[in-house]
Amino acid sequence: MLINRKGVPVMVLVGEQDGILIPELSRHRQADSRLSGLRLLHTHLDSSLLTQEDLMDMVFLRLDAISVLTVSSDGAPRTCQIAHILPPNTDELPYQVHPAMIWDDVDFDFGASVKALEDELARTGQSVAATAREGSAILVSVASESRGAQERSLAELAELADTAGLEVVGQVVQRVTRVNPKLILGRGKLAELEVLALQKNAATLVFDQELTPTQQRNLSQITERKVLDRTQLILDIFAQHAQTREGKLQVEMAQLKYMMPRLVGQNRALSRLAGGIGGRGPGESRLEMDRRKIRERIAQIKTELGSVRKHRKSTRSRRDKAGLPIVSLVGYTNAGKSTLLNTLTKSVVLAENKLFATLDPTSRRLRFPEDREIILTDTVGFIRHLPADLREAFMATLEELESADVLVHVADASHPEMDAQIEAVESILRDLSIDGIPRILALNKTDRISEETRQTLRFVHPDAVFISALERPTLAPLVERIKSLL
Ligand SMILES: Nc1nc2c(ncn2[C@@H]2O[C@H](COP(=O)(O)OP(=O)(O)OP(=O)(O)O)[C@@H](O)[C@H]2O)c(=O)[nH]1
Ligand SMILES: [Mg+2]
């Protein structure tokens with residue numbers, strides 16, 4: 001029986017021995033509350049009390065409370081057990097399960113309990129600006145790696161989320177031997193995640209691992225929240241930041257390719273549900289048409305990209321004819337490449353403390369004191385675990401590197417993961433087969449490291465040049481090294 005907050009039963013459900021089917025409840029959800037406003041009282045025909053399944057139902061249906069009543073063989077009520085979701089608490093408990101009570105002794109004030117919960121949830125919800133709700137996110141990692149490794153990867157995901165404009169309000173880590181093909185995480189962990197999202201008022205869940213179309217669909221259906229994975233987040237950032245024609249086309253293509261299999265997935269689900277939803281949904285034929293349109297658009301983008309590239313090749317060969325040597329800055333995202341380009345050339349190339357501030361190769365002329373000129377080009381930031389779909393789009397933006405005479409690999413010496421970042425960059429350079437071009441390793445942001453760290457780094461990277469892109473005088477040794485290689 002589903003009972004509303006006035007104590008009125010709104011639905012009586014009849015089930016079978018081992019379960020009842022609870023229909024879609026979202027219609028009952030009140031606008032001013034995040035719980036459904038309903039509590040479920042149900043019976044167990046054996047004498048078992050609340051089960052894990054019951055608690056899952058409470059969480060995913062966002063019930064105010066769930067109670068189970070056991071009945072004697074003659075149908076008389078015996079014991080009752082109540083559970084309800086908890087407001088955010090220091091013990092990080094998702095819900096409270098009360099001890100079982102004799103039915104005749106039950107004296108539980110549902111009204112008071114739910115009011116306390118709603119008040120508390122509303123209060124924590126308000127500490128984040130009301131409008132921030134759409135933008136507040138919980139980060140989730142489900143993998144077989146160690147907890148430490150997962151947390152390091154989540155730290156990077158948090159930076160990505162920040163760049164994408166999301167506010168991170170919590171995180172959940174699960175270490176598994178095998179991921180759940182339907183939900184990626186186990187049901188129990190999903191319930192924990194759902195309660196955390198409810199407690200923190202987070203509208204978005206961001207997974208560090210790539211979600212299959214099925215997982216993504218299931219997760220957003222069950223949680224009714226926006227579900228993103230790392231790929232989508234990066235695509236989103238790419239889309240926000242791409243500036244040139246080529247950058248935009250590359251991003252659009254990657255997005256369309258990402259969408260395709262997901263459309264197919266939706267389609268299958270729709271055809272399975274077709275009887276139920278009648279003509280309201282975007283019918284199968286519409287989706288079919290959308291897929292065809294996407295394919296057409298991808299083909300069109302390919303043609304456009306071809307002509308954009310041809311154009312760029314000709315500007316490149318003009319530059320080659322001018323005989324100016326090309327020096328390209330490469331490096332992990334946020335290492336300080338654009339800042340270095342700015343300081344060296346005093347030009348204004350977008351530099352921000354955001355990942356992926358730069359998405360398109362940007363070139364500047366740089367004149368040395370003795371009247372020698374070079375072309376200095378900035379590039380897109382590299383990143384580890386670049387999703388397979390994005391690798392191609394990313395590498396395409398680096399094509400220009402082939403014609404570089406010198407590569408300056410900029411690394412952030414103040415970053416705890418610097419060595420892993422350096423390796424990630426080197427690996428992509430190897431894939432591009434341009435690791436043969438003379439290369440200088442510039443350890444940047446040395447204004448932020450201690451003398452001790454500097455000593456260690458000098459030992460580990462004896463060939464590196466130490467710079468601070470913010471301090472022009474520190475760049476002299478780098479300029480000397482560049483000149484010596486030309
Ligand atoms: N303290 C300090 N901060 C720096 C230095 N160089 C760059 N930064 C800061 O680091 C942040 C990232 O710099 P960017 O130049 O945008 O980095 P990028 O490598 O171009 O990043 P992407 O374009 O995203 O790949 C900015 O906030 C810079 O101000 C430095 O030498 N010292
Ligand atoms: Mg940049």
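Values reported hereafter were calculated over all heavy atoms of this structure, with side chains retained and with hydrogens, waters and symmetry mates removed. Because the structure is a prediction, the values reported are computed rather than measured. One-based numbering, in listed order, for ligands and for the atoms of each.
- The part of N444 lying near ligand 1 is the side chain, judged by heavy-atom distances below 4.0 Å.
- When the salt bridge (charged side-chain N to carboxylate O under 4.0 Å, His left out) test is applied to D435, no partner is found at least two apart in sequence or on another chain.
- For atom 4 (C) of ligand 1, the nearest non-hydrogen atom from the set K445, E471, R448 belongs to K445.
- By the neighbour-count criterion of 12 heavy atoms within 6.0 Å, atom CD of E296 is densely surrounded, having more than that number from other residues, nucleotides or ligands.
- Numbered from 1 in the order shown, with element, the atoms of ligand 1 that lie under 4.0 Å from a heavy atom of G381 read 25 (O).
- Less than 4.0 angstrom separates some heavy atom of S468 from each of these atoms of ligand 1: 30 (C), 31 (O), 32 (N).
- Using a non-hydrogen distance threshold of 4.0 Å, G331 does not register as a contact of ligand 1.
- Taking OH of Y332 as the reference point, atom CD of E417 lies at 8.0 Å (rounded to 0.5 Å).
- Taking a cutoff of 4.0 Å between a charged side-chain nitrogen and a carboxylate oxygen, E304 and K248 do not qualify as a salt bridge.
- Counting only residues at least two apart or on different chains, the side-chain hydrogen bond (donor to acceptor under 3.5 Å, both in side chains) pairs with a member in residues 457-480 are D419-H461, D447-S468.
- If you look at K337 next to ligand 1, the close heavy atoms, those under 4.0 Å, come from the backbone and the side chain alike.
- For the atom pair CD (Q300) and CZ (R295), the distance works out to 15.5 Å, reported to the nearest 0.5 Å.
- Under 4.0 Å from ligand 1, heavy atoms of T339 appear from its side chain as well as its backbone.
- How far CG of L401 is from CG of L432: 6.5 Å, rounded to the nearest 0.5 Å.
- Of the candidates G336, A411, A469, A469 brings a heavy atom nearest to atom 31 (O) of ligand 1.
- The shortest N/O to N/O separation between I467 and ligand 1 does not fall below 3.5 Å.
- Looking at T333, D447, T163 and measuring to atom 32 (N) of ligand 1, the nearest heavy atom belongs to D447.
- Distances from atom 21 (O) of ligand 1 to the heavy atoms of L443, V410, N334 put N334 nearest.
- Between the side chains of Q232 and Q216, a donor-acceptor pair is found at a separation under 3.5 Å.
- By heavy-atom distance, the residue among L470, T474, L340 lying nearest atom 3 (N) of ligand 1 is L470.
- Using a 4.0 Å cut-off between charged nitrogen and carboxylate oxygen, K200 and E167 do not count as a salt-bridge pair.
- By the 3.5 Å distance cut-off applied to N or O atoms, T446 is not counted among the residues near ligand 1.
- The CG atom of L376 sits 5.0 Å away from the CD1 atom of I374 when rounded to the nearest 0.5 Å.
- Considering backbone and side-chain N/O atoms, T379 never comes within less than 3.5 Å of an N/O atom of ligand 1.
- Look at T333 and the Mg ion (ligand 2): no N/O/S atom of the residue is under 2.8 Å from the metal.
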